[in-house]
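What follows is a short report on a single structure.
All values below were derived from every heavy atom in this structure, side-chain atoms included, with hydrogens, water molecules and symmetry-related copies excluded. Quick note on labels: first sequence line is chain A, next is B, and so on, each numbered from 1.
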Protein chains: 2
Amino acid sequence: MADQHAATVRRFNRTYTQRIGALDDSFLGTGRPLGPSRLLFEIGLSDDDGATVRELRERLGLDSGYLSRLLRSLEADGLVDVRPDPTDRRRRRVRLTGRGRTARRRLDERSEDLARSLVAPLSERQRERLTEALATADLLVRAATVQLQEVSPTDPRSVAAMAAYFAEIGERFGFEPGDAWLEDAEAMTGPDGFFVVATSDGEAVACGGVHRLPDGAAEIKRMWVHGDWRGAGLGARLLRHLEDVVRDRGYDVVRLDTNDTLLEAIAMYERAGYHAIERYNDNPWARRWFEKTL
Amino acid sequence: MADQHAATVRRFNRTYTQRIGALDDSFLGTGRPLGPSRLLFEIGLSDDDGATVRELRERLGLDSGYLSRLLRSLEADGLVDVRPDPTDRRRRRVRLTGRGRTARRRLDERSEDLARSLVAPLSERQRERLTEALATADLLVRAATVQLQEVSPTDPRSVAAMAAYFAEIGERFGFEPGDAWLEDAEAMTGPDGFFVVATSDGEAVACGGVHRLPDGAAEIKRMWVHGDWRGAGLGARLLRHLEDVVRDRGYDVVRLDTNDTLLEAIAMYERAGYHAIERYNDNPWARRWFEKTL
DNA sequence: GCCATTGTCTGACCTTAGTCAGACGATCAC
DNA sequence: GTGATCGTCTGACTAAGGTCAGACAATGGC
């Protein structure tokens with residue numbers, strides 16, 4: 001079974017590398033070599049403020065020296081504009097110039113043409129099947145390659161994730177975190193607590209934290225999955241990961257609370273072996289309480 | 001609609017290049033750079049006779065000088081054995097040595113591990129969804145990138161395709177081509193006839209020919225699609241292509257015959273606008289006759 | 001037997017991609 | 001204010017990937 005999955009992935013890899021990869025390289029190479037083209041493409045994805053060099057480095061996974069050189073070549077061609085970030089003058093912000101946007105648009109068109117020419121020989125029904133299959137594969141490959149990492153709850157990624165979390169429950173239940181946020185953050189560090197963020201392309205797509213309850217049990221809090229990512233099994237994976245770390249830290253009981261309208265979350269907790277218990281805290285927003293013995 | 005297909009393809013491309021492509025490169029690079037590794041891999045796909053240099057060049061799409069150099073480096077490492085082909089001493093046949101097979105196997109294992117590690121974070125159900133999606137995408141991408149080209153009916157690819165065709169109808173209907181094969185081949189060249197082969201990875205996966213009937217109509221013959229490729233729309237595409245060329249050559253009527261057990265073929269002809277007519281030839285194997293006005 | 005063609009190889013050459021060590025200014029913690 | 005750290009850049013270097021023109025032997029067509 002496992003072998004069959006691997007075999008399919010490998011077969012697909014071969015097909016992809018030969019048929020699309022080759023085309024892809026040629027499409028990006030409109031006069032410019034691949035490196036600069038990819039960079040141009042990536043810069044164009046940023047908002048009006050542009051991107052910092054560091055962001056680009058992470059998104060593209062490039063060496064700092066190499067990236068710097070690539071930027072210089074784009075700058076020499078008048079395609080980008082690099083200037084210090086006013087809030088931190090060590091950082092530099094990169095933005096497309098007018099010419100850069102034009103070049104980027106041309107690249108975009110070439111890429112679009114390429115994609116169209118790939119599906120052109122197919123019938124409409126086949127095209128739909130292919131599109132559906134690729135969309136599924138895309139979602140799952142992204143989900144499979146999400147990075148789970150323990151970071152400080154005050155790390156920008158954590159803050160972004162928790163802000164999204166609070167915005168969401170604020171909208172749904174009128175919940176307002178107030179100052180509790182900061183106190184909690186502190187509890188989720190040190191020897192007893194921790195915080196985990198799942199990132200994809202450097203963006204936080206899920207998070208969850210653990211702190212110690214007065215009676216010595218661990219409590220999972222702030223568990224959140226980005227709306228676009230629900231249904232990809234990310235929640236279950238994150239939960240599993242949190243439990244693994246909790247176990248390593250010597251806990252043997254985990255508790256958590258949730259609202260009774262979050263049916264999918266409740267179902268997931270139950271599938272993961274949690275059972276309902278009595279109210280163990282005074283969280284006004286919570287309606288259901290769960291516990292699991294590790 | 002069309003834009004949605006292209007957008008999905010592009011989105012997938014981006015995901016693929018970032019997540020799998022990068023890993024893929026690293027996996028193949030076991031000490032050896034990518035080029036030699038891919039070559040090693042490709043040589044290992046051939047049968048015991050090995051592959052000719054030309055075959056490898058086509059399958060990998062490499063420059064002849066470059067390939068020659070790559071071969072030399074593998075040869076220097078004692079991984080392959082290159083010697084003249086006894087039937088045509090201009091050609092050279094490449095075969096893996098014992099060490100080559102070992103190296104190739106190691107590569108294979110790494111690739112397998114990589115594929116497994118990609119799907120590892122997913123649940124079994126997700127793995128199945130991914131596998132299914134990739135298999136579908138694989139088939140359709142292959143189908144979309146099949147090359148249709150007009151070649152002589154005596155070209156090795158044509159001969160291979162027709163041999164497969166005759167073997168198949170021989171098995172199903174006890175049909176024996178006898179000498180008719182050669183005469184027909186001649187009719188499918190020159191100004192009045194032609195022969196088209198569809199190839200994928202250099203292998204013939206479908207074929208079809210056209211010759212002129214005594215009354216001036218065109219007749220499609222030897223239309224065949226490889227068993228593994230049925231259901232991918234290749235037959236319809238080939239038929240459309242043949243019709244296009246037929247029209248260019250100034251014909252305005254096309255006819256063809258088939259056996260009544262080939263239900264799928266018949267359905268395809270009907271979908272393509274062919275209508276049944278009376279027997280117009282003395283082909284003992286035929287039970288149905290069709291015509292289409294272009 | 002001759003000439004054109006085919007199949008492969010060699011040498012010379014070029015671009016792209018990427019690494020590494022260190023320089024240098026800006027910022028942060030105290 | 002100072003030392004540590006951060007963020008970016010520069011210079012020097014290397015390997016990989018690839019192109020092109022021609023050499024040369026084997027083969028096929030006539």
Pairing of Arg92(B) and Glu75(B) as salt bridge, 4.0 angstrom limit: no
Looking only at side-chain N and O atoms, does Arg72(B) come under 4.0 Å of OP1 or OP2 in dT8(C)? no
Can you find a side chain N or O atom of Arg92(A) that sits less than 4.0 Å from OP1 or OP2 on dT8(D)? no
Any carboxylate oxygen within less than 4.0 angstrom of a Lys/Arg side-chain nitrogen, looking at Arg54(B) and Glu58(B)? yes
For Ala144(B) and Leu118(A) the tightest heavy-atom approach is CB-O, 3.2 Å
Is any NZ, NE, NH1 or NH2 atom of the basic residue among Asp77(A) and Arg99(A) found under 4.0 Å from an Asp or Glu carboxylate oxygen of the other? no
Does Arg90(A) place a side-chain N or O at less than 4.0 Å from the phosphate oxygens OP1/OP2 of dT27(C)? no
Out of dC9(D), dT8(D), dA17(C), which nucleotide sits closest to the side chain of Pro33(A)? dA17(C)
What's Arg69(A) touching, base or sugar-phosphate or nothing? Going by heavy atoms closer than 4.0 Å. base
Between Arg91(A) and Thr87(B), which is nearer to the 5' end of DNA chain D once each is assigned its nearest nucleotide? Arg91(A)
Give a yes/no answer on whether the side chain of Arg89(B) brings an N or O atom under 4.0 Å of OP1 or OP2 in dG7(C). no
NA contact type, Asp63(B), heavy-atom cut-off 4.0 Å: base, sugar-phosphate, or nothing? base
